[in-house]
There are 2 protein chains.
Amino acid sequence: MAPDDRPYHHGDLPAALLAAVDEVVRERGAAALTLREVARRAGVSHAAPAHHFGDKAGLLTAYATEGMHEMATRMAAARTQAADPGGVDALRLLTDTLGRLAVAYVAFAVEQPARFTVMFGSEQLHTDDPLYQAATEEAFEQLYAAVLEVRRDLQRDDPELMHAASGAWSVVHGFATLWLAGHLDERVTSVPPEQATAAALGAFGTTLFAAAGITP
Amino acid sequence: MAPDDRPYHHGDLPAALLAAVDEVVRERGAAALTLREVARRAGVSHAAPAHHFGDKAGLLTAYATEGMHEMATRMAAARTQAADPGGVDALRLLTDTLGRLAVAYVAFAVEQPARFTVMFGSEQLHTDDPLYQAATEEAFEQLYAAVLEVRRDLQRDDPELMHAASGAWSVVHGFATLWLAGHLDERVTSVPPEQATAAALGAFGTTLFAAAGITP
DNA sequence: GATCATATCTTGACATCGGCAAGACGTCCG
DNA sequence: CGGACGTCTTGCCGATGTCAAGATATGATC
């Protein structure tokens with residue numbers, strides 16, 4: 001197509017830029033992303049992105065927020081999903097709500113590693129952005145609700161509940177992060193993320209039991 | 001001192017450069033670090049760092065490796081430390097070997113957030129560097145040994161042991177990472193890392209027990 | 001102790017980047 | 001029909017990482 005096929009006004013440049021970010025990030029990784037490359041892919045000048053997103057961090061924050069929403073949606077789906085009545089695996093941890101949430105979290109990260117890395121790459125984001133914070137809380141709220149389902153003894157605003165949810169978030173987030181950084185043993189990451197998550201969480205839970213002197 | 005006080009040969013420029021990296025990273029964060037700024041602080045030309053470390057990623061990898069060693073040392077100290085015979089806290093998780101390791105891990109991250117961020121910022125590191133990998137395994141080995149202490153039922157090369165150690169690493173790493181990224185609630189991070197780690201791990205452990213139908 | 005290879009560091013240059021200011025262009029509302 | 005406004009371009013700036021070539025000191029060899 002001739003270069004002048006493109007009208008002066010793009011139509012929906014913000015969306016096109018976010019799509020270009022996704023392209024670059026998938027191909028070259030988050031660190032190699034430049035504003036000018038994004039602009040080139042969207043077919044606009046190098047200064048166009050700044051007009052809509054302020055600066056590079058603003059563009060990445062918008063991209064990260066998009067990803068947070070998608071992850072929160074997938075977590076919500078996993079949480080409300082009917083439990084598999086047949087399967088009973090290690091400590092019943094992986095068939096209940098909390099287990100399905102963990103699997104959804106890790107699966108999202110492994111399927112979209114570059115996106116996940118940007119989402120939590122706080123150094124190049126505007127972490128005080130209200131939309132970003134809201135999207136993050138939306139995802140964390142899923143974990144919060146799942147823990148509340150298990151801990152019937154707790155009130156909604158109990159600090160203990162917050163601590164428990166933070167711990168739950170930590171284990172899935174750490175597992176995903178270490179996986180993407182290549183720090184986990186190949187014996188762990190050579191199977192699909194669903195199985196790997198189940199194995200690691202099950203083994204860790206058993207270890208906690210053993211540490212507490214319980215052998216179920 | 002006059003600018004010509006400095007001899008042509010520095011003496012130990014690599015060490016001086018690593019110290020300069022630490023300065024910059026503490027003051028401005030890992031993302032704001034530039035080779036030229038490091039060179040300025042060390043009092044050498046802008047191209048000097050490349051001679052010793054190849055490129056920017058090489059310098060950061062050396063700095064990360066240094067940090068990994070320090071963390072591994074602190075973890076080893078925590079592991080071999082005598083257990084506090086008096087204290088018995090939530091599920092006895094925090095006074096045993098595994099608990100002390102967790103506290104050491106999180107405390108290191110919170111005390112030196114920028115350094116910790118660089119250590120696991122795989123995007124700007126040469127993660128295939130043998131020294132870096134060795135230092136990482138040195139730290140992980142501490143967790144591995146601690147889990148083995150608890151899981152007497154397992155052999156050293158049992159995959160279950162690897163999964164359990166990966167889970168243990170995940171929870172402490174995720175907690176530290178989320179903390180540094182500012183994603184944890186203020187009620188969690190407003191206390192010293194030792195207490196916060198104990199609270200989150202304890203509450204999470206209790207939740208796992210509840211999910212398994214155990215009420216200790 | 002002189003000579004020369006080698007390691008260390010400097011100088012200069014280049015392409016590229018993010019951000020800014022000013023202007024061109026299109027749209028929309030009066 | 002006209003002017004205000006949002007959209008995008010052009011041009012430019014300082015700064016950065018990397019490379020090549022040169023200068024300088026060290027250490028080994030004779």
Side-chain angles (χ1 to χ4, degrees), chain A residues 1-21 23-25 27-64 118 121-126 129, chain B residues 1-21 23-25 27-64 118 121-126 129:
Chain A
M1 44 178 118
D4 43 301
D5 279 8
R6 174 174 55 88
Y8 192 90
H9 282 68
H10 182 283
D12 193 1
L13 184 53
L17 289 172
L18 289 175
V21 169
E23 263 191 40
V24 177
V25 149
E27 293 176 16
R28 303 207 224 277
L33 182 131
T34 69
L35 278 183
R36 294 171 114 98
E37 173 70 15
V38 170
R40 276 190 288 269
R41 303 237 182 177
V44 293
S45 78
H46 68 266
H51 177 72
H52 291 280
F53 296 99
D55 55 6
K56 187 182 181 181
L59 175 60
L60 282 176
T61 302
Y63 178 69
V118 174
S122 53
E123 291 227 316
Q124 46 187 357
L125 297 180
H126 288 150
D129 182 302
Chain B
M1 46 178 118
D4 44 299
D5 278 6
R6 173 173 57 85
Y8 192 91
H9 281 69
H10 182 284
D12 193 1
L13 184 53
L17 290 171
L18 289 175
V21 168
E23 262 191 41
V24 177
V25 148
E27 293 176 17
R28 302 208 224 277
L33 181 131
T34 69
L35 277 183
R36 293 171 115 99
E37 173 71 15
V38 170
R40 277 190 288 269
R41 303 235 182 178
V44 293
S45 78
H46 66 268
H51 177 73
H52 290 280
F53 296 99
D55 54 7
K56 186 181 181 181
L59 176 61
L60 282 175
T61 302
Y63 178 69
V118 173
S122 54
E123 292 227 324
Q124 45 186 357
L125 297 180
H126 288 149
D129 182 304

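First the proteins, then the strands, lettered A, B, ... as listed; each starts at 1. Here the structure is a predicted model, which is why all the values come from computation and not from measurement.
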Tell me the interatomic distance from [X], atom [atom1], to [N], atom [atom2], rounded to whole angstroms.
| X | N | atom1 | atom2 | answer |
| --- | --- | --- | --- | --- |
| A:Leu59 | C:dG19 | CG | C1' | 14 Å |
| B:Leu35 | C:dC17 | CG | P | 17 Å |
| A:Leu17 | C:dG18 | CG | C1' | 15 Å |
| B:His46 | D:dG17 | NE2 | P | 10 Å |
| A:Leu13 | C:dC25 | CG | C1' | 15 Å |

I'd like to check A:Val21 versus A:Val118 (side-chain heavy atoms, cut-off strictly below 4.5 Å). Are they in contact?
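No. Closest side-chain heavy atoms not under 4.5 Å.
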
Of the listed nucleotides D:dT16, D:dC8, D:dT18, the one nearest the side chain of B:Arg40
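Shortest atom-to-atom distance from the side chain points to D:dT16.
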
Which residues in residues 47-57 of chain B have at least one heavy atom lying under 4.0 Å from any atom of DNA chain D?
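Per residue number, the list reads B:Ala47, B:Asp55, B:Lys56.
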
Distance from [X] atom [atom1] to [Y] atom [atom2], nearest 0.5 Å?
| X | Y | atom1 | atom2 | answer |
| --- | --- | --- | --- | --- |
| A:Glu23 | A:Leu33 | CD | CG | 11.0 Å |
| A:His52 | A:Leu17 | NE2 | CG | 6.5 Å |
| A:Ser45 | A:Arg40 | OG | CZ | 11.5 Å |

Is a donor on one side and an acceptor on the other found under 3.5 Å between the side chain of A:Lys56 and the backbone of A:Gln124?
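No; zero donor-acceptor contacts below 3.5 Å.
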
B:Phe53 vs B:Leu18, test: side chain to side chain contact (heavy atoms under 4.5 Å, CB included). Steps then yes/no.
CA-CA 10 Å; B:Phe53 296 99; B:Leu18 289 175; 4.1 Å; yes

Does a nitrogen or oxygen in the side chain of A:Ser45 sit under 4.0 Å from OP1 or OP2 of D:dC8?
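No, because none of the side-chain N or O atoms of A:Ser45 sits under 4.0 Å from OP1 or OP2 of D:dC8.
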
Hey, is the side chain of A:Arg36 poking within less than 4.0 Å of OP1 or OP2 on C:dA15, counting only N and O atoms?
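No, A:Arg36 has no side-chain N/O under 4.0 Å of OP1/OP2 on C:dA15.
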
